[in-house]
Amino acid sequence: MCLVDVEKAPKPMPACATPVTQGMIVRTQSDKALKAQKSVMEFLLINHPLDCPICDQGGECQLQDLAVGYGGSASRYEEEKRVVVPKDVGPLISMQEMSRCIHCTRCVRFGQEVAGVMELGMIHRGEHSEITTVLNDTIDSELSGNMIDICPVGALTSKPFRYSARTWELSRRKSVSPHDSTGANLIVQVKNNTVMRVVPLENEAVNECWIADRDRFSYEALNSDERLTRPMLKQGGQWNEVDWQTALEYVANGLKQVKSEHGAASIGVLASAHSSVEELYLAGALARGLGSDNIDHRLRHAEFGRGAQDGIRWLGTTIASLSQLERVLVVGSNLRKDHPLFAQRIRQAAKKGCVVSALHSAAHDWALPVAHAVQSAPAHWVQALADIAAAVAAEKGVAAPVPARSSDAAQAAGAIARSLLSGERKAILLGNAAAHHARAASLLTLANWIGEQTGATVGYLCEAANTVGAQWAQAQPLQGGLDAAQMLAGGLRAALLLNNEPEFDSAAGAAAKAGLGRADMVVTLSPFKCNMDISDVLLPIAPFTETPGTFVNAEGRVQSFHAVVKPLGDARPAWKVLRVLGNLLELPGFDFESCQEVLQKLQGAQAAGQTHLPAEMLGNRSAAPIDLAAAPAAAPVSAAIYQLDGIVRRAASLQLTADARATRESLA
């Protein structure tokens, strides 16, 4: 459709593939150009079915738009249209109407050029051509949903959304992903106060025009039967629905009683880093208002000792800069599954020549070329990183921070060291498993030393949507309070669980039930019916689509969002629940009227409206000594791609994917 009339050219030329030359005269609206464009449209419509009235793409179809401008009012072809057999490619993408396909091959190119996996291809020739997975496989890429967006017709459509609404019936509202630390910008599409579909909002600095499948399809959980819609109390071993006043008074009286009998230090809050900044700030204010410093968001960590002078753990660079890296070392991360959009950026850098190195416990397929890899058990990661540091020291002729091993690992370590010493734009990225490691501080100290010697930035990929924001809101002990591991081991008499399920969201796993079972009262604030065997009270809070809030992504970008639908049933935003609890407990500083006031209190008068956290707050500094002792036998606990948080775990279609099945099989 981009054919143009180039003077002296014998035939129309495609504008997208014709280089501009000096003195070239191009006409886009001449008779020759218009006739060529209309001819192309006629060819495209020869076999295209006339099912626009029932097509999910109707109203946002590029072919429809162009047909209005360039198509004829009737077709000259009276032969039967071709039919393509439908294909089942998994639970996310529908290929039931491949007769609509116009063979633009955008989906094929997306797999090759962006996702890194060519899962679709074209077979046969002429009118028999069709797009298929060739081997009748499923489409398993963690970015596969983007194929739906780039398909210009209704050939690839969303299977969960299929036939549920017309596009012009939907209201479009901006939001931010509550899952990984990219902070992907979203457009949430709503009908009748129900989230019907989620698509990307273009932001070149954050997610470009892509989103991961867990950002796109996790909305199914928001409408599931597992939603908690009314406060519940456990009385005589039975769960009963109650009103908010009764539930909140029960919690307030219980906290007062535990404080009077066992002291404030027996009360603690376990918060999820998928909660908003405002919720985490008020959770900390509630605990500290009661006289306790027992609050922590680091549920999957195995090491906690760290001072405020170390700064907030963050990416160490901007997200956009990942696409321009020339050298990168990734430590302790299954990059492609933990951070799909970061992996996509590093994949683009690799296509430009970036040398990617990895240190991990297993050889994962990142769908990008990994030049150097050290595969080692987590207990030996500190030594493996020390080997790389020693190799850097040997290359530069300086003293190494710790001695290297004399082993086969030295060869791979030397290759990584030489890689980091070359090039200009370099980064050392510590993944989820490195952050959760029992020697996390030693890994950071070594990474910082290597970074100083090679000129590389050092940073954490960060696990959750608000890992950086949780540190900013001080949702962790400041004055020697209990850390998450101590609280989960049974150090509390009263526990508040904010938006998490310790069995799935903590390093303690199933043992968390026994630890929390020793408490006199456990209160769960969650959008879902969960923790029912260990809780005494369930308070329904609103998920990210039903409450305003703020997330701070891995690069320290502060992104606020509004509620896009009303809370379901009697659910209430968690910041309001915590504020009312603070009022019932007669604690000072709980007189906020809006979510924005909580954020302003946290930002301070001078920094209101900031888009990024101040540079002086951010820092991956570590003064911890390097400990080469073997780590405990337990490997670092990191969530699988579709087990990251409560919303993703309850998204029906995501749990039918190959990644989710593989996770269940490994746990079995």
Side-chain angles (χ1 to χ4, degrees), residues 221 224-242 246-259 261-262 265-275 279 283 286-287 290 292 294-301 475 481-541 543 571 574 577-578 581 637 639 643-650 667:
S224 72
D225 295 336
E226 293 189 55
R227 281 295 302 273
L228 180 64
T229 57
R230 293 201 65 191
M232 299 181 75
L233 285 181
K234 186 186 286 183
Q235 298 168 320
Q238 298 293 319
W239 283 102
N240 298 309
E241 293 185 346
V242 296
T246 302
L248 291 173
E249 286 181 354
Y250 180 92
V251 174
N253 292 334
L255 291 174
K256 289 177 183 176
Q257 183 177 347
V258 170
K259 181 180 178 180
E261 293 180 1
H262 304 285
S266 64
I267 299 172
V269 179
L270 290 161
S272 167
H274 297 281
S275 302
E279 294 164 1
L286 184 73
L290 288 167
S292 170
N294 303 334
I295 176 170
D296 210 345
H297 71 278
R298 301 165 296 176
L299 301 184
R300 292 192 176 102
H301 283 228
L482 299 179
D483 57 48
Q486 292 168 327
M487 287 190 269
L488 288 167
L492 301 176
R493 301 307 294 264
L496 271 70
L497 307 179
L498 175 59
N499 203 19
N500 67 81
E501 302 167 70
E503 182 180 0
F504 306 108
D505 295 328
S506 75
K513 289 185 177 182
L516 291 171
R518 301 188 191 114
D520 297 335
M521 182 176 73
V522 177
V523 181
T524 292
L525 291 82
S526 173
F528 304 103
K529 296 174 183 175
C530 62
N531 302 330
M532 299 186 77
D533 48 350
I534 58 173
S535 298
D536 301 289
V537 188
L538 297 180
L539 301 179
I541 61 172
V577 176
L578 293 166
L581 262 179
V637 175
Q643 295 292 322
L644 184 62
D645 58 71
I647 296 178
V648 168
R649 280 195 293 271
R650 290 170 175 83
L667 293 175

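Since the structure is predicted, the reported quantities are computational estimates derived from the model, not experimental observations.
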> Compare every heavy atom of A512 with every heavy atom of L488, then report the nearest pair and how far apart it is.
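The pair with the smallest heavy-atom distance is CD2-CB, 3.9 Å.
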> Quick one: closest heavy-atom pair of M232 and L228, and the distance?
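So the minimum-distance heavy-atom pair works out to SD-CD1, 3.7 Å.
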> The test is salt bridge (charged side-chain N to carboxylate O under 4.0 Å, His left out); show your working for R493 and E261 and say whether it passes.
CA-CA 10 Å; R493 301 307 294 264; E261 293 180 1; over 6 Å; no
> For a 4.5 angstrom cut-off between non-hydrogen side-chain atoms, does L233 reach N240?
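No, side chains not in contact.
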> Do V269 and S292 come close enough that some side-chain heavy atom pair is under 4.5 Å?
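With C-beta onward as the side chain, the pair stays apart.
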> So which atom in R227 and which in A571 form the shortest heavy-atom distance, rounded to 0.1 Å?
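Closest approach of R227 to A571: NH2-CB, 4.2 Å.
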> Please assess L248 against L539 for the test side-chain contact (heavy atoms from CB on, under 4.5 Å), listing each intermediate value before the final yes or no.
CA-CA 8 Å; L248 291 173; L539 301 179; 4.2 Å; yes
> V537 and side chain to side chain contact (heavy atoms under 4.5 Å, CB included): which partner among V523, L496, L525?
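Among V523, L496, L525, the one that satisfies the side chain to side chain contact (heavy atoms under 4.5 Å, CB included) with V537 is V523.
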> Measuring from K259:NZ to L255:CG, what's the distance to the nearest 0.5 Å?
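Reported to 0.5 Å precision, the distance equals 10.0 Å.
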> Taking all non-hydrogen atoms of both residues into account, name the closest pair between A494 and A519 and its distance.
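Looks like N-CB, 4.3 Å.
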> Quick one: closest heavy-atom pair of S275 and E279, and the distance?
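Minimum heavy-atom contact is CB-OE1, 3.3 Å.
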> Indicate yes or no: does R300 engage D505 in a salt bridge with an N to O separation below 4.0 Å.
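D505 and R300: salt-bridged.
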> Determine whether L482 and D296 make a side-chain contact, defined as any pair of heavy atoms from C-beta on separated by less than 4.5 Å.
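L482 does not reach D296 side chain to side chain.
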> Given the rule in the side-chain contact (heavy atoms from CB on, under 4.5 Å) test, do Y250 and M521 qualify, once you have shown the distances and angles that lead to the verdict?
CA-CA 10 Å; Y250 180 92; M521 182 176 73; 4.1 Å; yes
> Enter the distance from S506:OG to N500:CG here, rounded to the nearest 0.5 Å.
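It comes to 8.0 Å.
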> Closer than 3.5 angstrom, by distance alone: can the side chain of R650 be matched with the main-chain N or O of S224 as a donor-acceptor pair?
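Absent.
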> Would a 4.5 Å heavy-atom cut-off, applied to side chains only, mark C530 and R649 as touching?
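Contact flag for C530/R649 side chains = no.
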> Run the side-chain contact (heavy atoms from CB on, under 4.5 Å) test on V522 and N531 for me, step by step, so that the C-alpha distance in whole Å, both residues' side-chain angles and the decisive distance to 0.1 Å come before the verdict.
CA-CA 9 Å; V522 177; N531 302 330; over 6 Å; no
> Are side-chain heavy atoms of D520 and H262 found at a separation under 4.5 Å?
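In contact.
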> Using 4.0 Å as the upper bound for N to carboxylate O, is an ion pair formed by K529 and E226?
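Answer for the salt bridge query: no.
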> What distance do E501 atom CD and I534 atom CD1 have between them, rounded to the nearest 0.5 Å?
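Here the rounded value is 9.5 Å.
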> So W239 and S535, do their side chains get closer than 4.5 Å, heavy atoms only?
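Of all side-chain heavy-atom pairs linking W239 with S535, at least one is under 4.5 Å.
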> Once you round to the nearest 0.5 Å, how far does CG of L492 lie from CZ of R518?
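It is 11.0 Å, given to the nearest 0.5 Å.
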> For the atom pair OG (S266) and CG (N294), what is the distance rounded to the nearest 0.5 Å?
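Spacing of OG (S266) from CG (N294) equals 8.5 Å.
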> Just wondering, are more than 12 heavy atoms of other shown residues or ligands nearer than 6.0 Å to CD in E249?
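Yes - once you tally the heavy atoms of other residues, nucleotides and ligands closer than 6.0 Å, there are more than 12.
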> Decide yes or no on salt bridge (charged side-chain N to carboxylate O under 4.0 Å, His left out) for K513 and D533, but give the supporting numbers first.
CA-CA 8 Å; K513 289 185 177 182; D533 48 350; 2.8 Å; yes
> Is any side-chain heavy atom of L516 closer than 4.5 Å to one of P502?
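When only atoms from C-beta onward are counted, L516 and P502 do touch, with a gap below 4.5 Å.
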> So, the side chain of T246 versus the backbone of V242: is there a donor-acceptor pair under 3.5 Å, distance only?
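Not confirmed, T246 side chain does not pair with V242 backbone.
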> Rounded to the nearest 0.5 Å, how far apart are CG of L498 and OG1 of T524?
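Reported to 0.5 Å precision, the distance equals 10.0 Å.
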> Taking the side chain as everything from C-beta on, heavy atoms only, tell me whether L538 gets closer than 4.5 Å to S526.
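In short, these two side chains do not touch, never coming nearer than 4.5 Å.
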> For the side chain of H297 and the backbone of A475, is there at least one donor-acceptor N/O pair under 3.5 Å apart?
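Indeed, once roles are kept as given, a pair shorter than 3.5 Å links the two residues.
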